[in-house]
Amino acid sequence: MHLEASFDLDFSLCCGQVFRWKKIGEWWYGVVGAKVFKIQQVDDDLYFQGVGEAFVKNYFGLNDDLKQISSSVDKDAYIRKALRRFEGLRIVRQDPWECLISFICATCKNIAAIELMLRKLSSSFGEKKRFDEMDFYTFPSPEKLASATIAGLKECGLGYRAKYVQATAKKIFEEKIELETFKNRPYLEARRLLVEFPGVGLKVADCALLFSLEKMESFPVDVWVKRVVLNHYADHLPGVLVKKLSTRDSLSSGEYKKINDFGRNYFGPYAGYAQEYLYHYERTEH
DNA sequence: TCCTAGCCTTTACC
DNA sequence: AGGTAAAGGCTAG
C-alpha cells in the first residue's frame, strides 16, 4: 500500500503506546484481536500480510490528518523539535480491553518488564495462533482473566497488579460492559467511568482513552511528562504548584488534574498527540 | 482535600 | 557476583 501522508512505523511501535509487537528480521509481527499479522515499511510503502488495507489504516490511524494535527499542537519551539524529530509517529488505535489491562499492569514497571508480563499473560491465558511457522497468542478475554486465579496471574509476574486485573476483568465480564461504547461519551465522562475499575487511576484511564478510545484531547501525565512540563512549561503553572512538584515524585490527584488541564488547554483538541511526541522526545533525547 | 505507606517483580547499574 | 534502586501508580486510611 502506498502511503499518502507521513507515517513512521518504527516510531509508532516503539514510543511506548503498545507492548506486544515484535520485530523479527524486516517484519513487525503483531496480534490485534483475533488476527495475527506482519507489516513492514519501505520508504513510502507499507507491506503487510494477514489483514486487509482498511484494517491497517484504521489500526495505525492513517486516516488521521497528521499534518493538520501537528500544526494544531505546534505551539512553541520546544514541541516543534519533538514534532520534527519523530515526524510520522502516529497514535495507534488499540483494542480497548487489551489497552486497559496493559496500563493497569504498567504501573511502576519499566517497558521491558511490562512486555514480559503481557507476553506471559497472553501465552498462559490467550489462544494460540500459528503464523509464519511461529506461535502467537491472542490477548486473553475478560471471561478468561475473570476466572484466572490470583496465583496464576502472579506467575505471569503481575505482583500486586494481579488482584486489579482479576477484579477489572470480573467487573467487565459480569456487568457485560462494552468498553467500545465509551468512545461515544465525552472525554471527562468516559474517564469518570474508567476510574471506577479497580487498579485504574487517572493516569491509566488517560492512557486507555488516548490509545484505544479515540480521545485525542487526553493528556496522560506520567513521571516523564511531569518532567517535561516542569522543565519547559513551568511558566504556565502556578509557582506554588511547581515548587511542590519538584520536591516529590508522586502526584496527588489534584496535582495530576492541574498538569492534565494545562496540557489540554495549551495544546488543544489533539493534546494527546503533543503528549506522545514530548514523552518520546524526553525519553530518547535526554 | 491532601498526604503517606504499602504493594510485588524485573531490570539496570553499581 | 551480589546488592540495591528505580521502574510510564493505585488504594486504603
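Residue numbers begin at 1 in each chain, while the letters A, B, ... track the order of the sequences.
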I'd like the [atom1] distance from [M] over to [N], given in whole Å.
{"N": "B:dT10", "M": "C:dA1", "atom1": "P", "result": "22 Å"}
{"N": "C:dC10", "M": "B:dT11", "atom1": "P", "result": "22 Å"}
{"N": "C:dG8", "M": "B:dC7", "atom1": "P", "result": "22 Å"}

- Message: Looking at B:dC8, which nucleotide sits across from it as a Watson-Crick or G-U wobble partner, both distances under 3.5 angstrom, or is there none?
- Response: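 Base partner found: none.
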
- Item | Paired nucleotide for C:dG8 [Watson-Crick or G-U wobble; both distances under 3.5 Å] |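 Partner of C:dG8: none found under 3.5 Å.
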
Looking at [X] and [Y], does any basic side-chain N land under 4.0 Å from a carboxylate oxygen?
{"X": "A:D135", "Y": "A:K129", "answer": "no"}
{"X": "A:K57", "Y": "A:E53", "answer": "yes"}
{"X": "A:K23", "Y": "A:D10", "answer": "yes"}
{"X": "A:K183", "Y": "A:E214", "answer": "yes"}

Of all the choices, [options], which nucleotide is nearest to the side chain of [X] once you look at every atom?
{"X": "A:S252", "options": "B:dT11, C:dC10, B:dC3", "result": "B:dC3"}
{"X": "A:K154", "options": "B:dT10, B:dC8, B:dC3", "result": "B:dC8"}
{"X": "A:C207", "options": "C:dG8, B:dT10, B:dC2", "result": "C:dG8"}

Tell me the interatomic distance from [X], atom [atom1], to [N], atom [atom2], rounded to whole angstroms.
{"X": "A:E115", "N": "C:dA7", "atom1": "CD", "atom2": "C1'", "value": "13 Å"}
{"X": "A:N260", "N": "C:dG8", "atom1": "CG", "atom2": "C1'", "value": "15 Å"}
{"X": "A:L251", "N": "C:dG8", "atom1": "CG", "atom2": "C1'", "value": "12 Å"}
{"X": "A:K203", "N": "C:dA7", "atom1": "NZ", "atom2": "P", "value": "14 Å"}
{"X": "A:R119", "N": "B:dT9", "atom1": "CZ", "atom2": "P", "value": "18 Å"}
{"X": "A:K109", "N": "B:dC7", "atom1": "NZ", "atom2": "P", "value": "16 Å"}
{"X": "A:Y279", "N": "C:dA7", "atom1": "OH", "atom2": "P", "value": "11 Å"}
{"X": "A:N110", "N": "C:dG9", "atom1": "CG", "atom2": "P", "value": "11 Å"}

Mind checking if [X] touches a base, just sugar-phosphate, or nothing, with heavy atoms under 4.0 Å?
{"X": "A:K244", "answer": "sugar-phosphate"}
{"X": "A:I104", "answer": "nothing"}
{"X": "A:G157", "answer": "sugar-phosphate"}
{"X": "A:V200", "answer": "sugar-phosphate"}
{"X": "A:I114", "answer": "nothing"}

- Could you say whether A:I111 or A:V195 is positioned toward the 5' end of DNA chain C, judged by the nucleotide with the nearest heavy atom to each? A:I111

- Message: Applying a strict under-4.5 Å side-chain criterion to I, L, V, M, F, W and Y, I'd like to know whether A:L66 and A:L3 cluster together.
- Response: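 No, separate clusters.
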
- Task: Considering just the side-chain nitrogens and oxygens of A:R161, establish if one lies under 4.0 Å of OP1 or OP2 belonging to B:dC8.
- Result: no

- Tested for ring pair (Phe, Tyr, Trp, His ring centres under 6.0 Å) against A:Y29, the lone hit among A:F37, A:F48, A:W21, A:F136 is A:F136

- Item | Pair of N/O donor and acceptor under 3.5 Å linking C:dG9 base with A:Y256 side chain |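 Answer is no: no donor-acceptor pair is held.
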
